[in-house]
Amino acid sequence: DTIHIRLENTLTGCYNVVPLDLIVEPLPTIASLPPYPLCDINSPGDLVEDFDLSTLDTDIINGQNATVSYHINEVNAQGNIDPLPVLYSSGTQIIYVALEDNLTGCRAVAQLELVVDPVPTTTALDPLPACDDDGDGFAVFTLTEIDTAALNGQTGLAVSYHTTQLEAEAGTPSIGPSYTNTTANSEQVWVRLTNTAADCYSIMPLDLIVNPLPVPEPVSLAPECDDDFDGLQTFDLSSVASDVIGTQTDMVVSYHETDADAQAGVSPLGNSYLTNTPDVDTIHIRLENTLTGCYNVVPLDLIVEPLPELDLKDNYVICSDASSGGLDYVEVDPELSAADYSFEWKDEFDTLLSTDAVYLIDQTGVYSLEVSSAFGSNCSTLVYFTVSESENPAVTATVTSEDFADSHMIVATATGNGLYEFSLDQGPWQDSGIFTGVRPGERTVNVRDLNDCGITSVLVFIVDYPPYFTPNGDGYNDTWNIEALSNQMDSKIYIFDRFGKLIKQISPAGEGWDGTYNGQKMPTTDYWFLLYYNDLDTLEPEQLRGNFALKR
């Protein structure tokens with residue numbers, strides 16, 4: 001801008017005018033300055049670092065014809081007083097940048113924040129163990145299991161893993177989270193903690209240790225005997241632990257119903273275990289090293305041996321007299337193979353009688369049979385039984401009703417050392433010897449021993465007459481007679497029609513009346529008879545009058 005200057009003499013009043021140019025020079029331009037961060041790597045923890053301010057010069061000048069200086073405060077920056085050294089040791093603070101135009105001397109001033117970011121704190125890491133599941137010295141490690149220990153409570157940090165120190169310093173390449181060691185049994189890798197905001201990092205070594213699995217010694221339990229035929233039994237597992245451990249130390253043993261429970265180490269069983277699968281129940285043994293946590297799981301079969309099943313009677317019967325068809329011995333057969341089982345037959349005095357599979361006994365008494373498996377099992381079944389004697393019965397049979405009674409009854413009794421049942425005229429067998437409603441005539445009472453030691457038969461006679469007959473030629477009930485008196489040759493029977501006319505005289509020992517008179521068939525009606533006979537018990541003469549019917 002041009003202004004004008006008037007210079008006037010105050011005595012003479014004379015003046016002169018000259019121009020004056022007013023020039024405004026532009027200030028140098030300083031772009032917005034981002035913070036200048038450094039990581040606290042020299043004496044970590046003091047938060048003081050050496051800032052090389054000269055590294056900012058080019059960006060601040062940005063092509064201008066100017067000179068940069070750095071000052072502790074704005075006043076010094078404006079006055080170019082006490083510029084800071086190029087290599088400036090400082091903590092986090094604000095300093096001032098002055099940019100002076102080399103031609104005009106104009107100075108621009110701006111703030112610059114120096115930032116010292118802390119580096120992550122490292123710690124000595126415990127080795128990361130893994131269990132060698134196949135004995136080759138290599139295992140899969142889950143590296144992220146170390147994250148919490150590596151951070152040690154710090155936040156805002158990223159954790160990465162690297163195979164070498166150089167790779168950890170560079171931050172690449174990283175490994176994990178699953179990693180298999182490349183050196184057998186042990187290997188060292190590196191952990192890098194990176195401040196995600198400032199990109200400051202620290203590294204620390206991590207040892208990978210491959211621990212061997214415990215080696216369970218072979219173990220088995222002797223089979224238990226099935227004492228109630230359900231296939232289940234209680235096993236004592238208390239002796240298994242020491243057998244499985246062998247000479248190994250720092251081991252603990254637990255038992256589990258399933259492999260999944262054993263792998264997880266949950267739901268352990270006690271030392272006393274009742275199987276829940278018949279015959280063979282498989283449980284799982286977990287053998288764990290208490291120092292390394294490595295474990296191995298092996299199955300254990302619990303075998304319940306079945307007891308021999310004997311189908312013997314409590315009592316066997318032999319006949320005292322074999323002449324009636326029964327046997328005076330008994331063959332006791334448990335129906336088990338001699339190839340699979342062993343046998344011991346003993347008497348009541350514990351005397352060994354036989355080791356055969358089948359034993360013949362001809363003497364009464366108390367006996368025992370013990371059967372064991374022939375394949376080394378200790379399971380056996382012992383049963384006791386008796387052999388008793390039976391015999392053919394002695395029988396008495398009596399008609400307890402009177403002759404010619406309306407209904408007749410026979411009472412039979414059997415005596416002897418046996419169990420007996422009764423039959424009348426080949427009819428059904430019954431426990432009682434009482435027969436009621438018996439038909440007249442010769443009857444046979446049969447008594448048999450239930451153990452087949454014989455049958456005794458006796459004849460009895462029931463005196464009565466038939467109430468009717470049917471002379472129609474069918475071969476059944478065609479004649480009328482009183483058969484019970486057939487052995488009394490002197491007995492006589494007179495038959496009359498209803499008007500008292502004598503129609504026929506017959507003998508009980510004969511064939512009887514055929515229902516004719518002088519060769520002519522008599523009509524259907526009632527007829528009367530007069531009987532002369534001797535009483536069967538007293539043999540005294542008796543007579544009887546009665547009637548019967550002829551039916552056609």
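Only a predicted model underlies this, so the values are computations on that prediction, with no experimental measurement involved. Along the sequence shown, residues are numbered consecutively beginning with 1.
Identified under the side-chain hydrogen bond (donor to acceptor under 3.5 Å, both in side chains) test for residues 325-340, with sequence neighbours left out: none.
Other residues, nucleotides and ligands place no more than 12 heavy atoms under 6.0 Å from the CG atom of D314. The environment of D362 atom CG is dense: over 12 non-hydrogen atoms of other residues, nucleotides or ligands sit within 6.0 angstrom. In the displayed structure, D126 atom CG is contacted under 6.0 Å by at most 12 heavy atoms of other residues, nucleotides or ligands. Atom CZ of F229 sits in a crowded spot, with more than 12 heavy atoms from other residues, nucleotides or ligands closer than 6.0 Å.
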Subject >> Worked check of side chain to side chain donor-acceptor pair (under 3.5 Å) between T386 and N315 >> reply: CA-CA 5 Å; T386 59; N315 181 66; 2.5 Å; yes

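Between S238 and D236, the side chains place a donor N or O and an acceptor N or O closer than 3.5 Å (distance only, hydrogens not considered). For the residue pair N102 / N65, a side-chain donor-acceptor distance below 3.5 Å is found, with atom types taken as modelled. A donor-acceptor contact closer than 3.5 angstrom links the side chains of Y70 and D57.
With ring centers used as reference points, F385 lies under 6.0 Å from Y316.
The salt bridge (charged side-chain N to carboxylate O under 4.0 Å, His left out) check on E421 picks up R448, with sequence neighbours excluded. Contacts of H284 classified as side-chain hydrogen bond (donor to acceptor under 3.5 Å, both in side chains), with partners at least two apart in sequence or in another chain: none. Scanning for ring pair (Phe, Tyr, Trp, His ring centres under 6.0 Å) contacts around Y161 gives an empty result, with sequence neighbours left out. F141 is linked by a ring pair (Phe, Tyr, Trp, His ring centres under 6.0 Å) to nothing, counting only residues two or more places apart in sequence or in another chain. Every residue two or more places apart in sequence or in another chain that forms a ring pair (Phe, Tyr, Trp, His ring centres under 6.0 Å) with W345 is listed here: Y359.
Side-chain atoms of L114 and L112, non-hydrogen and from C-beta on, do get closer than 4.5 Å to each other. For the pair E100 and N80, the minimum side-chain heavy-atom distance is below 4.5 Å. Side-chain contact check for V191 versus L143: every heavy-atom pair is 4.5 Å or farther apart.
Considering CD1 of I95 and CD1 of I72, their distance stands at 7.5 Å, rounded to 0.5 Å.
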